[in-house]
Amino acid sequence: MHSSTLEGAIEASASTASIASAPSCGEGTLESPPKKRPTGVLRAATITGWGFLSVMVSFLSLSWFGVEWCFHPCVVLLRHRTETHVERLVPMEHTWTEDNLESLQSHILSEEQKHPGATGEFTWIISAISLAAKAIGNKVRCARIQDVIGDAGDVNVQGEMQQKLDVISNEIIMRCLGNRDNVGVLASEENETPLLLRRRDEGGRYAVLFDPLDGSSNLDVSVGVGTIFSVLRLSNEGSREEAMLQKGANQVAAGYVLYGSSTVLVLTTGNGVAMFVLDQAIGSFVLVAKSLQIPSGNKTYSTNEAYTDGYSSGLQNYLKWAHKNEYSSRYIGSMVADVHRVLLKGGVFLYPPTTDKPDGKLRLMYEANPMALIIEQAGGKAVAGDDRILDIVPKGLHQRTSVILGSVDQVDAILSHTT
Ligand code: AFP
């Protein structure tokens with residue numbers, strides 16, 4: 001199943017789709033009508049006329065002004081072209097500008113060079129994720145054209161109805177990451193048990209945990225959905241499953257891909273947050289921002305207010321206070337899209353415990369942890385009640401948690417009402 005041909009096929013299909021036909025599910029492009037060319041006889045007559053005129057002008061110039069004057073225009077033109085060419089060859093001082101193009105791959109490689117002990121293995125994991133993101137993004141964009149929307153007819157380990165695209169996305173990620181030699185464990189929201197691929201002595205040093213398509217219940221209305229991922233270095237103790245149950249602070253990388261009006265990949269390797277946008281024309285994620293910082297002072301909260309009656313009294317007080325203090329509300333119901341807005345614009349996202357869901361709804365290891373690392377790396381704060389999310393030691397792969405994350409001032413505004 002994890003043959004290189006298979007990967008090649010996915011890569012080819014992803015890049016063919018993005019390069020040859022962005023947007024790939026459409027019919028054709030509108031082209032302007034071809035210009036009318038003169039017909040054969042007319043064209044021949046025109047060419048002969050111009051030729052005759054040129055010969056006559058040259059002949060008259062030669063006889064009246066001599067050779068130098070005759071060829072003067074050519075000499076001037078030649079000199080100008082040579083000078084321009086020489087100017088171009090003069091070495092310029094090399095300066096890095098924000099306009100320089102940097103792909104995801106080259107960004108990871110340059111980040112790795114900053115760590116003397118880095119083996120380069122990690123690049124393979126991120127490149128597999130970027131490949132999967134292109135393939136999933138391509139499917140999402142064809143959602144109404146291909147038969148990929150709707151229930152797959154199965155319920156996942158969370159007791160939620162699986163969408164066809166959940167299953168397809170899960171399969172794509174498994175196929176892209178499965179043949180990376182350093183991936184020991186793959187764990188997904190869609191699979192009850194993790195997939196154990198390689199022992200540590202066989203090179204399986206990393207665990208990759210992911211939610212293949214978060215927010216998929218919004219797919220049929222074309223709302224932004226996303227893939228969330230977390231990478232952990234497997235510890236030497238216990239079984240590989242136990243070795244994976246580590247607190248989020250141990251993540252070596254985390255990120256998400258938002259399939260929205262553009263396909264955006266946000267990544268942290270523990271050294272700030274970088275953002276890339278998929279350029280459909282060249283099939284590459286291109287760096288658009290690095291060292292992202294969440295703006296403070298944005299009075300916007302993002303929560304499902306329909307559940308307010310089931311919130312703690314402290315949270316209810318916070319919402320009343322926010323209403324009186326000119327706060328605004330934004331809630332998409334797709335965590336990747338909601339958190340992405342908070343990352344770029346500020347404010348706070350919360351999915352607290354409710355009477356129906358006393359442990360919260362979101363999954364600790366492949367939703368809350370990666371988002372918490374990104375938010376903290378961007379200067380924000382991420383808590384579950386009084387606890388820092390990244391300090392929670394997981395007891396199980398699919399453990400749920402409550403979540404409050406955003407800029408420090410906005411998270412603290414909530415905590416001042418709840419603690
Ligand atoms: P789906 O993947 O089933 O659409 O769930 C999305 C999600 O896990 C997360 O992305 C949202 O923040 C949250 O659920 C929305 O939940 P509510 O519909 O209960 O507000």
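Ligands are counted one by one from 1 in listed order, and the atoms in each one are counted from 1 as well. Counting begins at 1 with the first residue of the sequence.
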Asks: Can you confirm, on distance only, whether ligand 1 has an N/O atom lying under 3.5 Å from any N/O atom belonging to D214?
Replies: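 Checking ligand 1 against D214, an N or O pair does fall under 3.5 Å apart.
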Asks: Check each of E305, E189, K361 against atom 16 (O) of ligand 1 and report the one with the nearest heavy atom.
Replies: K361
Asks: Would you indicate which of Y307, Y331, F349 comes nearest to atom 19 (O) of ligand 1 when only heavy atoms are counted?
Replies: Y307
Asks: Please tabulate, one pair per line, all N/O donor-acceptor pairs under 3.5 Å involving side-chain atoms of residues 256-264, not counting sequence neighbours.
Replies:
{"residue": "Y256", "atom": "OH", "partner": "H340", "partner atom": "ND1", "Å": "2.7"}
{"residue": "Y259", "atom": "OH", "partner": "T227", "partner atom": "OG1", "Å": "2.8"}
{"residue": "T263", "atom": "OG1", "partner": "R141", "partner atom": "NH2", "Å": "2.7"}

Asks: For Q377 and Q293, which heavy atoms make the closest approach, and how far apart are they?
Replies: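 Residues Q377 and Q293, closest heavy atoms: O-NE2, 3.8 Å.
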Asks: Tell me the nearest of S302, G333, G215 to atom 2 (O) of ligand 1, using heavy-atom distances.
Replies: G215
Asks: I need the atoms of ligand 1 closer than 4.0 Å to a non-hydrogen atom of S216, numbered in the order shown.
Replies: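 In order of number, 1 (P), 2 (O), 4 (O).
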Asks: Looking at Y351, does the NZ or CZ of K357 lie under 6.0 angstrom from its six-membered ring centre and within 45 degrees of the ring axis?
Replies: no
Asks: Go through ligand 1 atom by atom and flag the ones less than 4.0 Å from a non-hydrogen atom of M335.
Replies: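 Checking each atom against M335, I get 9 (C), 10 (O), 11 (C), 12 (O).
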Asks: Would you please name every residue forming a side-chain contact (heavy atoms from CB on, under 4.5 Å) with A187, sequence neighbours left out?
Replies: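 Counting only residues at least two positions away or on another chain, A187 forms a side-chain contact (heavy atoms from CB on, under 4.5 Å) with P194, L209, M244, L397.
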Asks: What's the shortest heavy-atom distance between P370 and F229, and which atoms?
Replies: CB-O, 3.3 Å
Asks: Can you tell me which portion of L362 lies within the under-4.0 Å heavy-atom range of ligand 1? Options are side chain, backbone, both, or neither.
Replies: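 Contact part for L362 vs ligand 1: side chain (C-beta onward).
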Asks: Looking only at heavy atoms, is any part of S217 under 4.0 Å from ligand 1, and if so is it the side chain, the backbone, or both, or is it neither?
Replies: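 For S217, backbone and side-chain atoms both sit under 4.0 Å from ligand 1.
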Asks: Which heavy atom of A378 sits nearest a heavy atom of L343, and at what distance?
Replies: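 Closest pair (atom of A378, atom of L343, distance): CB-CD1, 3.6 Å.
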Asks: Checking contacts here: is it the side chain or the backbone of R363 that comes within 4.0 Å of ligand 1, counting heavy atoms only? Could be both or neither.
Replies: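 Just the side chain.
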Asks: Return the minimal non-hydrogen interatomic distance between L364 and T401, and the atom names on each side.
Replies: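 Here L364 and T401 meet closest at CA-CG2, 3.8 Å.
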Asks: Using a 4.0 Å cutoff against the non-hydrogen atoms of S334, which atoms of ligand 1 qualify?
Replies: 10 (O)
